[in-house]
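Below is one structure, written out as C-alpha cells, with a few remarks after it.
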Amino acid sequence: MSLTLMTLLQQFVLMLAALALFLSFVLLAQPRLVAAIHVFAWQGALVAAVTLTVALAGDASHLYFSALLTLGLKALLIPWMLHRLARRLGLERHTETLARPTLVIMAAVILVIFSYWVVVPMVAQGLAFTRNIIAASLAVVLIGLLMMVFRQQAVAQVLGFMSMENGLFLAAVSATAGMPLVVELGVAFDVLVAMVLFGVFFFQIRESIDSLDVDRLNRLTETVEAEEGRRDAS
Amino acid sequence: MLTLLAPLIGGIALIMMRNLGPAGWVNLGVSALTLGGALWLAFLVAAHGTVEGAGFRVDAFNVYLVVLTAFVGLTTSIFSRPYMRHVCAQGRISAASLRIYHGMYQAFMLTMLVALTTDNLGVLWVAVEGATLATVLLVSLYRTPEAVEAAWKYFILCGVGIALALFGTVLTYFASQHVVQEADAGLTWSVLYAHAHALDPTVMRIAFVFLLVGYGTKVGLVPMHQWLPDAHSEGPTPMSAVLSGLLLNVALYAVIRLKMLVDGSLAETATPHLAGGLLMGFGLVSFVVAGLFLHRQRDIKRMFSYSSIEHMGLMTFAFGLGGPLATFGGLLHMLVHSLTKSAIFVTVGHATHIAGTQSIERIRGLIRTQPAVGWSLLIGVAAIAGFPPFGVFTSEFLLLTATMESYPWFSVVLLGGLVIAFAGLFRHLHPMVYGTAPEGQQPVQANMLPVLVHLGLVLWLGLAIPGFLAAWLDSATQLITGSHLL
C-alpha cells in the first residue's frame, strides 16, 4: 500500500477522494444547515474533479460528459434546490447540534476502519490503488448512512442521503472508469426526481407535524400503548 | 418488444393531462393493452425461446413475471376505478391527488416491467429505484400524519437500501472489467452470466452482501422490513395490492438473477453455496418473525402486509435452497402468492369501506352485511394460509418436500412457522367474518370480478397445473438451476 508505488495521477485521485471523505466528516458535524449545504456542494465538486482527472488520464471520452453531469447536478443544481427549500421553509439560521458529537465522530472513524477491513480480501487483485479508492468511497457511503441515523432534521437527513450518492459516484468513476452511459443517466435522473420528491415531502411533513424534526414522526409503531394513544387521538 | 412499453409511455403522458371523468377508464385501457403486449411477448418466447434486443432480454423466467405483473396490474386497475372514485367522493383526496394517482400507477407499472425485462444490471437498479419514487407519493396520498410518516420511512429506508445495492452493482462492474473486454457490456447480465466462472470470487462475495441487503430491503426481509407494514397500511388499498403482489416479486427477481451470477463465480471456491446460505438464513428469519408478528396486529392491512413478509421469506428460503424442486416450488409460490394477496387486498379494501375503519376490532359481521365480501375474505385467507384445494398448498408442499430431502431439520421450523401464521391469521379473521354486525352497517357497491378471477385461478392451480404453465415454470427452473424438474 506504499504511496510511492503509485503513479502521480493515482496519488492525485486518491488525494481528492480523501478530501471528499474529510468533507463527509465536516458534513456530519456541521451544526449550521446552510453551511452543511455548502460543504455538500464542495464534495460534489470534488467528485466531479475526480471524474475529470480520470477522463483526462484515460481515453474514455464519455467521462467528460459525466464529469459535467456530476458538476451540474451535485455541485450546483441540488445544493441550489436545497438552498431554496431552506429559504422557503425559513431555515436559514437553523442550527442543530448533535447530541453526542464525540461519540458520533468516533463511530465515523470506526466506519472508515471497517471500510478498509472490508476490502482487505481484495489483495489478490494486487491493486493497492483500487483498494484504497473503494475503501474511501465505501466510507463516504457509510458516513452518509450514519448521518441519516443521527440527524433528526429532515433536510440534514437528505444531505446524508445525497452524500451517500456522492460516495457511489466516486466508487463508480475511480474504481471502474465510469459506468455505461445509460446507467449513469438513469442514476442521475433518479437522484434528481428523488430531490424533487424530498422537496414535496418537506412541506408535507411540516404540514402534518408542524416541524421538520423527524424524531416526532413516531405514530406508527408495533407497541400497543402507542396504538391506544393514536386511537384516542383520532 | 416495443409493444410492451409503448402503451405505458403513452399512458403516462395521457393520464397526467386528462380531466378526471374518464381517467379511470384510460388507466384500465392502458393496463389492458399492457397485458396484451405481455401475452404477445410470452407467445414469442414460447415460439422462439429467448427474445433479445435493444438492451432488453426476455427468457422463460422473466416472461412469466411480466405476464403476472401485467395481469395483476389490469385487475387492480379494474378494482381501483370505482374504489378511488369512492375515496374521492368521501373527500379524503383532492382531484389533483387522483391525477397523481393515475399517473404514478402507470409509472410504477412501467418501472416494474423495465426492471423485469432489462438485461443491464445498472438499468435494473435504476428501474427498482424508480419504482420507489413512483409509489412514495402514493403512500402519502391521504396526507394524514400517519401517511406522511409512512411515506417518509419508506422513502428513507428504501433509498438507503437501494443505495447499498448500487454499491454492490459498482463492485460487480469492477469485477467484470477484468473479464469482459468491451466496457459497455460489463453490466449486461447475459454476458456476465456467460463469464460468471471468471469473475473474481472475493469481489463478488462482497458485492453480493451489498446487493442482498439492498434489494432485500425491497423484498421486505426481516431486519430491513420496517417500511413495509407502514407503507401498506397507510397507502390507498389498490397500492397495497400492487406493492404486495408485484414490487416484492420484482425485488426478489433481482436477487435471484444476482445469485445466479455469484453462484457461478463462487463455484470453484471453498464456499460455493454462500449466496444460497445467506438467502436461506434471511428467508427463514423473515418467515418466522413475520408469522409471530401476525398475532399482535390491530390493523387489517398491517396484518396482511406481515403475511406478505412471511411469504416473501418463504420464497427467499426456497430460492436459497436451490435445486430444481425447491426452485419450481418457489416460482409457483411467487405466482399464487401474488394472485391471492392482491385478491385479499381488494377484498380488504371493500371491507374497510363497509366498516369505515381499518381497525380489526371494529370490523365485524362481514358475511351478514355483505356475503360476497365476507366469503371472499374467508376463502382468500384460507388460500393464503395454505389450505389444500388452493395453489398455495401445492407450492408449500413442494417446498416442504424439497426441504425434507436436503435439510430435514428446517422442515420442522417451516411447519411450525406455517402453523403459527395460520393461527395468527384465523384468530383475527374469525370475528371479522362471522360475529354480529354493528347496527346500521351498510353494504357498499363492490366489484368482485378481480377477486373471483384471482381466487378461481389459484384454485385451478391447486387442483391441476395446466400443462403449458408447468412446462413454462419448468423451463424457468432449468434456466435458474441448470436442470429440469419434470
Side-chain angles (χ1 to χ4, degrees), chain A residues 60 62 118-119 121-125 130 134 137-138 141 144-145 148-149 154 157-158 160-161 164-165 167-169 171-172 175-187 189-191 193-194 196-198 200-201 204-205 207-209 214 216-220 222 224 227 230-231 234, chain B residues 55 120-123 125-127 129-130 132-134 136-137 140 143-153 155-156 159-160 162-164 166-167 169-171 173-178 183-188 200-203 205-206 209-210 229-230 233-234 293 296-299 302 359:
Chain A
H62 78 273
V118 165
V119 297
M122 283 163 60
V123 179
Q125 296 282 336
T130 332
I134 286 189
S137 37
L138 181 59
V141 170
L145 190 67
M148 291 177 78
V149 174
Q157 285 195 340
V158 170
F161 181 83
M164 278 178 84
E165 295 281 339
L168 293 169
F169 269 69
T176 69
M179 306 270 260
L181 197 59
V182 199
V183 180
E184 204 147 321
L185 280 176
V187 174
F189 174 74
D190 273 355
V191 170
V193 174
V196 172
L197 289 181
F198 275 129
V200 173
F201 268 99
Q204 286 192 3
I205 291 176
E207 202 180 306
S208 71
I209 59 169
V214 184
R216 284 166 61 183
L217 285 176
N218 53 6
R219 282 164 167 258
L220 299 170
E222 288 301 336
V224 178
E227 294 250 335
R230 185 178 150 196
R231 195 167 314 136
S234 63
Chain B
N120 187 314
L121 292 179
V123 177
W125 184 88
V126 171
E129 167 79 355
T132 315
L133 298 176
V136 73
L137 274 184
S140 74
R143 293 294 180 84
T144 58
E146 288 88 5
V148 173
E149 178 185 341
W152 181 257
K153 216 166 169 182
F155 203 173
I156 292 292
V160 169
I162 212 79
L164 295 178
L166 184 58
F167 195 79
T169 310
V170 169
L171 283 178
Y173 187 52
F174 171 65
S176 85
Q177 282 206 322
H178 300 272
D184 276 354
L187 275 176
T188 308
D200 184 67
T202 42
V203 179
R205 208 176 285 153
I206 301 171
V209 173
F210 280 100
D230 295 343
S233 62
E234 300 305 326
F293 266 110
R296 31 184 311 156
Q297 295 312 310
R298 288 153 170 266
D299 180 308
R302 264 187 108 80
S359 162

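In what follows, chains carry the letters A, B, and so on, assigned in the order in which the sequence lines appear, proteins first and then strands, with residues in each chain numbered from 1. All values derive from a computational prediction rather than experimental measurement.
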In terms of heavy-atom pairs under 4.5 Å, which option from [options] contacts chain A the most?
options                                    : value
Val209(B), Thr132(B), Leu137(B), Leu164(B) : Leu137(B)
Ala127(B), Gly159(B), Ser176(B)            : Gly159(B)
Ile156(B), Thr144(B), Val123(B), Leu171(B) : Ile156(B)

Chain B contacts, top residue of Leu168(A), Ile205(A), Val118(A) (heavy-atom pairs, under 4.5 Å):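 Most heavy-atom pairs under 4.5 Å with chain B: Leu168(A).
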Among Val158(A), Val200(A), Val196(A), Ile134(A), residue most engaged with chain B (heavy-atom pairs, under 4.5 Å):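 Of the options given, most contacts go to Ile134(A).
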[X] versus chain B, the contacting section by heavy-atom distance below 4.5 Å:
X         : answer
Gln157(A) : side chain
Phe198(A) : both
Val182(A) : side chain
Val141(A) : side chain
Leu145(A) : side chain

Part of [X] within contact of chain A (heavy atom distance under 4.5 Å):
X         : result
Phe167(B) : both
Ile206(B) : side chain
Leu121(B) : neither

Validation row: Tyr173(B), Val183(A) side chains within 4.5 angstrom (heavy atoms):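 Tyr173(B) does not reach Val183(A) side chain to side chain.
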Heavy-atom pair of closest approach, residues Val160(B) and Phe161(A):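 Reported closest heavy-atom pair: N-CE1, 4.1 Å.
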Residues Leu138(A), Phe210(B); criterion side-chain contact (heavy atoms from CB on, under 4.5 Å); working and verdict: CA-CA 11 Å; Leu138(A) 181 59; Phe210(B) 280 100; 3.5 Å; yes
